[in-house]
Amino acid sequence: MKPIRVFLKERSYDIHVTDSFNNLPNLLTKFQFHKFGIVISHGCILTRFGKQLIAPLKQSGWDIHTITVPESEKSKSLDMAKYLYKQISGISQMRNPVIFAFGGGVVGDLAGFVAATYRRGVEYIQIPTTLLAQVDSSIGGKVGVDLSFGKNLIGAFYQPLLVLDNTTLLKTLPKRQIQSGMSEVIKYGVISDRKLFQFIENNLQDCLNLESNVAQFIVERCCRIKAKVVSKDEKDSTGIRVILNFGHTLGHALEAATGYKKFTHGEAISVGMAFACRLSTNLGVLKQAESNRIVKLLEKVHLPIAVKGVSRRDVMKAMSLDKKFIAGKSRWVLPIMIGKAIVKEELPQKAILSALEHHIFS
Ligand SMILES: NC(=O)c1ccc[n+]([C@@H]2O[C@H](COP(=O)([O-])OP(=O)(O)OC[C@H]3O[C@@H](n4cnc5c(N)ncnc54)[C@H](O)[C@@H]3O)[C@@H](O)[C@H]2O)c1
Ligand SMILES: [Zn+2]
């Protein structure tokens with residue numbers, strides 16, 4: 001498959017959607033660096049797939065080392081970054097390593113952040129292993145760690161040298177992780193790819209089974225959209241990248257209000273997408289039938305569209321905090337048909353509250 005290019009002048013790079021790691025050494029030959037790499041991953045991922053990744057690199061002369069971090073959002077911390085600096089420093093002996101971020105979004109964000117900051121920046125490669133990371137977090141260079149009082153508060157825009165999506169790895173993902181990643185995939189369909197949306201509707205079971213051809217097809221379509229958006233707005237500064245936040249204004253608030261414990265990210269944004277569809281239909285910009293199709297697909301994936309046991313007040317509070325942190329105003333991504341969305345700023349509080357009554361129940 002032809003690689004997907006992220007166009008960012010001298011920081012441009014390719015995303016390779018493939019079914020093996022065998023060609024990776026070959027892809028790396030065009031870069032001028034010593035063949036010295038450190039793979040940052042989780043123990044379980046290395047046990048399952050480490051050999052597949054590392055053997056072809058070693059065969060072509062790479063000196064490869066590994067460091068593991070625990071499987072948890074808690075690993076996205078400054079303490080863990082410090083631990084990694086120390087380990088890397090011990091292994092490297094003043095050489096500059098190439099970092100391989102081999103895992104889901106947690107590993108990608110953490111290893112990318114360490115690559116951005118260790119010795120004022122070393123090269124890194126994203127090798128995402130979850131559906132969410134393959135279609136979203138590995139692309140675009142947002143790297144970072146959490147602080148105790150907020151997620152992703154410390155970080156940078158730091159682009160990888162390349163992204164390699166091996167879709168065969170997705171087969172071992174737990175069901176909940178697949179559904180969660182699927183939520184982002186549906187997001188891409190709604191905001192900009194009606195054909196992708198229809199494809200998921202028509203081939204839902206194959207999509208959820210992540211059959212090889214199907215997985216490559218959906219991952220590639222999503223990566224194309226993200227690559228295009230990021231190419232136009234690398235640093236989230238022109239407003240174009242906001243479109244990727246469909247379902248995220250409420251989704252983020254729902255995650256924050258429930259301490260990032262009750263819902264996966266994909267589940268939270270599923271509720272957010274259903275909510276944004278309601279706002280759109282209430283405002284008369286989206287036909288009811290289109291909204292119904294979106295909500296129906298989310299339900300078929302067993303994603304939530306409404307949640308119980310959550311305080312609406314807490315969610316509203318989290319939303320206003322997010323607004324203060326991010327840009328001073330809340331922005332709503334509203335679908336106007338499947339495949340197209342617009343961005344609206346500052347909707348009336350009343351419109352938000354009355355729509356919220358259908359999605360958040362205490
Ligand atoms: N940088 C960005 O632009 C961006 C965008 C979206 C999300 N994120 C971040 O991504 C993180 C969430 O990422 P995630 O959903 O990938 O979660 P994750 O990285 O925690 O991975 C989820 C779980 O799946 C396991 N796993 C990974 N690959 C597997 C495989 N192939 N088979 C079986 N199990 C596997 C992991 O070990 C982990 O336990 C959050 O920290 C979020 O903030 C970043
Ligand atoms: Zn997301």
Side-chain angles (χ1 to χ4, degrees), residues 11 37-46 65-92 96-130 132-134 136-161 163 177 180 184 226 230 234-237 241 244-245 248 251-253 255-261 263-266 268-269 318 321-322 324-327:
R11 290 183 308 285
I38 298 181
V39 178
I40 298 177
S41 190
H42 299 310
C44 67
I45 292 180
L46 283 183
H65 300 253
T66 58
I67 310 176
T68 59
V69 297
E71 284 176 80
S72 157
E73 178 71 27
K74 288 201 185 95
S75 285
K76 263 177 65 174
S77 68
L78 283 173
D79 281 345
M80 193 56 74
K82 227 158 112 184
Y83 164 78
L84 290 175
Y85 299 139
K86 200 167 168 207
Q87 296 294 314
I88 292 170
S89 181
I91 297 168
S92 305
N96 268 357
V98 178
I99 304 282
F100 293 75
F102 189 36
V106 164
V107 165
D109 284 11
L110 170 70
F113 175 72
V114 166
T117 45
Y118 182 70
R119 300 190 84 194
R120 298 197 183 89
V122 294
E123 302 292 5
Y124 81 114
I125 289 159
Q126 286 278 16
I127 309 185
T129 63
T130 62
L132 177 127
Q134 294 200 349
D136 189 4
S137 61
S138 62
I139 311 161
K142 280 190 183 174
V143 296
V145 295
D146 305 333
L147 292 181
S148 59
F149 48 91
K151 240 175 91 74
N152 299 322
L153 281 187
I154 307 287
F157 285 96
Y158 192 65
Q159 303 296 342
L161 273 189
V163 180
Q177 276 294 323
S180 191
E184 296 280 1
K226 178 121 190 204
V230 168
E234 180 185 8
K235 300 206 167 148
D236 227 342
S237 54
R241 209 164 156 160
L244 299 170
N245 275 348
H248 284 59
H252 282 153
E255 285 183 283
T258 52
Y260 299 92
K261 287 199 181 85
F263 308 106
T264 64
H265 177 67
I269 67 158
L321 272 177
D322 201 31
K324 258 193 230 145
F325 264 126
I326 307 297

Do any N or O atoms from the side chain of Lys235 and from the backbone of Phe157 form a donor-acceptor pair under 3.5 angstrom? no
What's the separation between atom OG in Ser180 and atom CZ in Phe263, rounded to the nearest 0.5 Å? 12.0 Å
Thr117 side chain to Tyr158 side chain, donor-acceptor N/O pair below 3.5 angstrom: no
State whether a side-chain donor-acceptor pair under 3.5 Å links Lys76 with Asn152. yes
For the CD atom of Gln134 and the CD1 atom of Ile127, what is their distance to the nearest 0.5 Å? 10.5 Å
Minimum-distance pair of heavy atoms, taken over all atoms of Ile45 and Gly103: CD1-CA, 3.8 Å
Using a 4.5 Å cut-off on heavy atoms from C-beta on, say whether the side chain of Leu110 contacts that of Val145. yes
Minimum heavy-atom separation for Ala253 and Ala318, please, with both atom names. O-CB, 3.6 Å
Write down the atom of Ser137, the atom of Gly105, and the distance for their closest heavy-atom approach. OG-CA, 3.5 Å
Do the side chains of Ile91 and Pro97 get nearer than 4.5 Å, heavy atoms only? no
I'd like to know if the side chain of Gln126 and the backbone of Ile139 have a donor-acceptor N/O pair within less than 3.5 Å. no
Treating Ser41 as the side-chain partner and Phe102 as the backbone partner, does any N or O pair qualify as donor plus acceptor under 3.5 Å? yes
Taking the side chain as every heavy atom from C-beta outward, state whether Pro70 and His42 have any pair of such atoms under 4.5 Å apart. no
Please confirm whether the backbone N or O of Met80 pairs with a side-chain atom of Ser77, one donor and one acceptor, at under 3.5 Å? yes
Can a donor-acceptor pair be found between the side chains of His265 and Glu184 at a distance below 3.5 Å? yes
Which is it for Ile67 and Leu84 under the side chain to side chain contact (heavy atoms under 4.5 Å, CB included) test, yes or no, and what are the steps along the way? CA-CA 8 Å; Ile67 310 176; Leu84 290 175; 3.6 Å; yes
Nearest 0.5 angstrom please: Thr68 OG1 to Ile40 CD1, how far? 10.5 Å
Atom OH in Tyr118, atom CG in Asn96: separation rounded to 0.5 Å? 7.5 Å
How far apart are the C-alpha atoms of Glu73 and Lys151, what are their side-chain angles, what is the distance that settles it, and do they pass the salt bridge (charged side-chain N to carboxylate O under 4.0 Å, His left out) test? CA-CA 10 Å; Glu73 178 71 27; Lys151 240 175 91 74; 2.9 Å; yes
For Glu234, is there an ion pair with Arg11 - N to carboxylate O distance below 4.0 angstrom? yes
Just one of Val39, Leu161, Ile99 clears the side chain to side chain contact (heavy atoms under 4.5 Å, CB included) bar with Ile125, so which one? Leu161
For residues Asp146 and Leu153, determine if any side-chain heavy atom of one lies less than 4.5 Å from a side-chain heavy atom of the other. no
Using side chain to side chain contact (heavy atoms under 4.5 Å, CB included), reason through Phe113 and Leu78 one step at a time and then give a plain yes or no. CA-CA 10 Å; Phe113 175 72; Leu78 283 173; 4.2 Å; yes
Would you give the length of the straight line joining atom OG of Ser92 to atom CD of Gln87, rounded to the nearest 0.5 angstrom? 10.5 Å
Val98 vs Tyr124, test: side chain to side chain contact (heavy atoms under 4.5 Å, CB included). Steps then yes/no. CA-CA 5 Å; Val98 178; Tyr124 81 114; 5.8 Å; no
If you measure from the Lys or Arg side-chain nitrogens to the Asp or Glu carboxylate oxygens, is any gap between Asp236 and Lys142 under 4.0 Å? yes
Evaluate Ser75 against Val107 for side chain to side chain contact (heavy atoms under 4.5 Å, CB included), listing each step before the verdict. CA-CA 8 Å; Ser75 285; Val107 165; over 6 Å; no
